[in-house]
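Presented below is the structure to which this report refers.
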Number of protein chains: 2
Amino acid sequence: MEKKTEDNILWAAEQEFLSKGFARTTTADIAKLAGTNHALLHYYYRSKENLFIKVFEKNIQTIIPLFCSLTDNNLPLKERIQNFIEVHFDYIVQNPRLPYFIINEILSNANCVQIFQKQFQSIINEINAKLEAELRQEYETGHINNITAGNLIYEIISLNICAFVAMPVATQLLNISQEEYLRFVQQRKAENVVTILGRLYKK
Amino acid sequence: MEKKTEDNILWAAEQEFLSKGFARTTTADIAKLAGTNHALLHYYYRSKENLFIKVFEKNIQTIIPLFCSLTDNNLPLKERIQNFIEVHFDYIVQNPRLPYFIINEILSNANCVQIFQKQFQSIINEINAKLEAELRQEYETGHINNITAGNLIYEIISLNICAFVAMPVATQLLNISQEEYLRFVQQRKAENVVTILGRLYKK
DNA sequence: ATTATCTATAGATCTATAGATAATGC
DNA sequence: ATTATCTATAGATCTATAGATAATGC
């Protein structure tokens, strides 16, 4: 019922893995943060890898609904894209370590690749096909500039996530304060909308 | 004179650190790839950390000249920006692991932050100030849309590096072949120019 | 009876060095 | 003499488990 210790371990594992990645996290760190005995981690989750996979799967799943809104939504194309940029951006603001975490682990763990594929492949293909058809039609009727769905999604994600993947770098490099950084992040959202819509729509 | 073993170790360390990062690379791996005895790594470089710092510094230094071309160059603004996007892009094509490597290590090693700062801080501040003044003037004379130097540089770097940081992810996810991926990368260069110049210049 | 927790430690892995030996430079 | 290379191993760190003990559920 309570599952207090078990949950604490999972929570602590999430904190540690998300901030340091699999390789640099130790099971002792996790147990310490969970305020529990080291042996209990293995008692409940068998192995470090197993515990990690649980954390990875949980975090991957939360992203899917975001992408669905790109096609499953009654708004007109322009508003729908703007909405996606903003919702995706806000999600990353709430989960700033997630993009780096996913990239990092997919690059270093074959299991993560498979999990990612299994959960994403069909949904991404579907969204891509739908959006591709829509973009082509809008282009042929002269409403937007020519762009593929892949490139459009790519540009949105790039502009949105880089603030959180590379920005800790820039922040430390340029001695930017926490307040300045938050101000920068907030105006990036509007900037990204301007840049992407500017790419799509003739002025 | 020859320094063959010593150089081999440094070369191997660069391969290993760039592809796996500090934490997931072992000194035994490096020695094996260098085709030398494990003990020689410590004989020549004292410690793993020391060897890593050498690799990091070397790779950091090569980036600086790229950024200088953004202001130290006789081309008009538009061509200069286009040139920077293309040169920066090509550089990453030649060194695809570098962006991830730098981000990864800066996020996990305080020494790397300091090295980065020491080498970049003054030059970045100078370039930023110069470009900021130029952009402001161009905006006031009605030649470009309003944008800060920081945002402009940020958007160029984001669009350019994401193809190489996050794309291995997308490649594996979407089952894209090597050829398709290279084709995608090549057209991204022109795409990024279109997107950035579209952001700057009214049509 | 079953589940949860603890202590203690095995066993694997990794960095680093001591100390012996071989190769090279003057 | 100095530099380069090797073997062997110390010592640190980490994952994982065995086995004892305490807490809980029926």
Side-chain angles (χ1 to χ4, degrees), chain A residues 1-59 101 104-105 107-112 114-115, chain B residues 1-59 101 104-105 107-112 114-115:
Chain A
M1 170 103 300
E2 272 269 15
K3 283 194 166 194
K4 207 158 166 294
T5 301
E6 192 172 350
D7 291 344
N8 281 349
I9 292 169
L10 188 62
W11 171 85
E14 188 169 0
Q15 307 305 309
E16 294 287 280
F17 284 140
L18 273 166
S19 61
K20 294 188 293 189
F22 182 81
R24 284 165 42 240
T25 296
T26 70
T27 50
D29 287 343
I30 294 171
K32 193 179 173 190
L33 183 62
T36 192
N37 188 285
H38 189 170
L40 289 176
L41 184 147
H42 294 96
Y43 173 72
Y44 286 113
Y45 295 97
R46 190 104 205 135
S47 71
K48 182 188 175 187
E49 174 83 15
N50 209 36
L51 179 54
F52 175 78
I53 294 298
K54 284 227 168 23
V55 171
F56 188 80
E57 279 181 329
K58 184 190 155 197
N59 278 277
F101 172 74
N104 193 29
E105 302 305 336
L107 289 175
S108 61
N109 185 333
N111 283 335
C112 291
Q114 289 206 332
I115 293 167
Chain B
M1 169 102 302
E2 272 270 15
K3 283 196 166 191
K4 208 161 166 292
T5 302
E6 191 172 350
D7 290 345
N8 281 348
I9 292 169
L10 188 62
W11 172 84
E14 189 169 359
Q15 307 306 308
E16 294 288 281
F17 284 140
L18 273 165
S19 62
K20 295 189 294 191
F22 182 83
R24 284 166 41 241
T25 295
T26 70
T27 51
D29 287 343
I30 295 170
K32 193 179 172 190
L33 182 62
T36 193
N37 189 284
H38 189 170
L40 290 177
L41 184 148
H42 295 94
Y43 173 70
Y44 286 113
Y45 295 98
R46 190 103 207 137
S47 70
K48 182 187 176 188
E49 173 84 15
N50 210 35
L51 179 54
F52 175 79
I53 293 298
K54 285 226 167 23
V55 170
F56 188 80
E57 279 181 330
K58 182 191 157 196
N59 278 278
F101 172 75
N104 192 29
E105 302 305 336
L107 289 175
S108 61
N109 185 334
N111 283 335
C112 290
Q114 289 205 332
I115 292 167

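Residue numbers start from 1 in every chain, and the chains themselves are labelled A, B, ... in the order their sequence lines are given, proteins ahead of strands. These numbers come from the heavy atoms of this one structure, side chains and all, not from hydrogens, waters or symmetry mates.
- Between B/Asn111 and B/Glu49, the shortest heavy-atom contact is ND2-OE2, 2.9 Å.
- Looking at heavy-atom distances under 4.0 Å, B/Tyr43 makes contact with a base.
- Using a distance-only test at 3.5 Å, with no hydrogens or angles considered, a donor-acceptor pair links the side chain of B/Asn59 to the main chain of B/Val55.
- Between B/Leu41 and B/Thr27, the shortest heavy-atom distance links the atoms CD1-O, 3.6 Å.
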Base-pair map of DNA chain D as dot-bracket, where | denotes pairing with a different strand and pairs are Watson-Crick or G-U under 3.5 Å: ||||||||||||||||||||||||..
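- Looking at A/Thr25, its side chain does come within 3.5 Å of a backbone N or O of A/Glu16 through a donor-acceptor pair.
- Side-chain contact between A/Phe17 and A/Glu105 is absent, with no heavy atoms from C-beta onward closer than 4.5 Å.
- Both B/Asn37 and A/Ser47 lie near DNA chain D, and the one whose nearest nucleotide falls closer to the 5' end is B/Asn37.
- At a threshold of 4.5 Å between non-hydrogen side-chain atoms, the residues B/Asn104 and B/Phe22 do not count as touching.
- With a 6.0 Å radius and a threshold of 12 heavy atoms from other residues, nucleotides or ligands, B/Lys20 has its NZ atom above the threshold.
- Residues A/Tyr43 and A/Asn37 form no side-chain contact, since every pair of their non-hydrogen atoms from C-beta on lies 4.5 Å or further apart.
- Interface limits on DNA chain D: the 5'-most and 3'-most nucleotides within less than 4.0 Å of chain A heavy atoms are D/dC14 to D/dT17.
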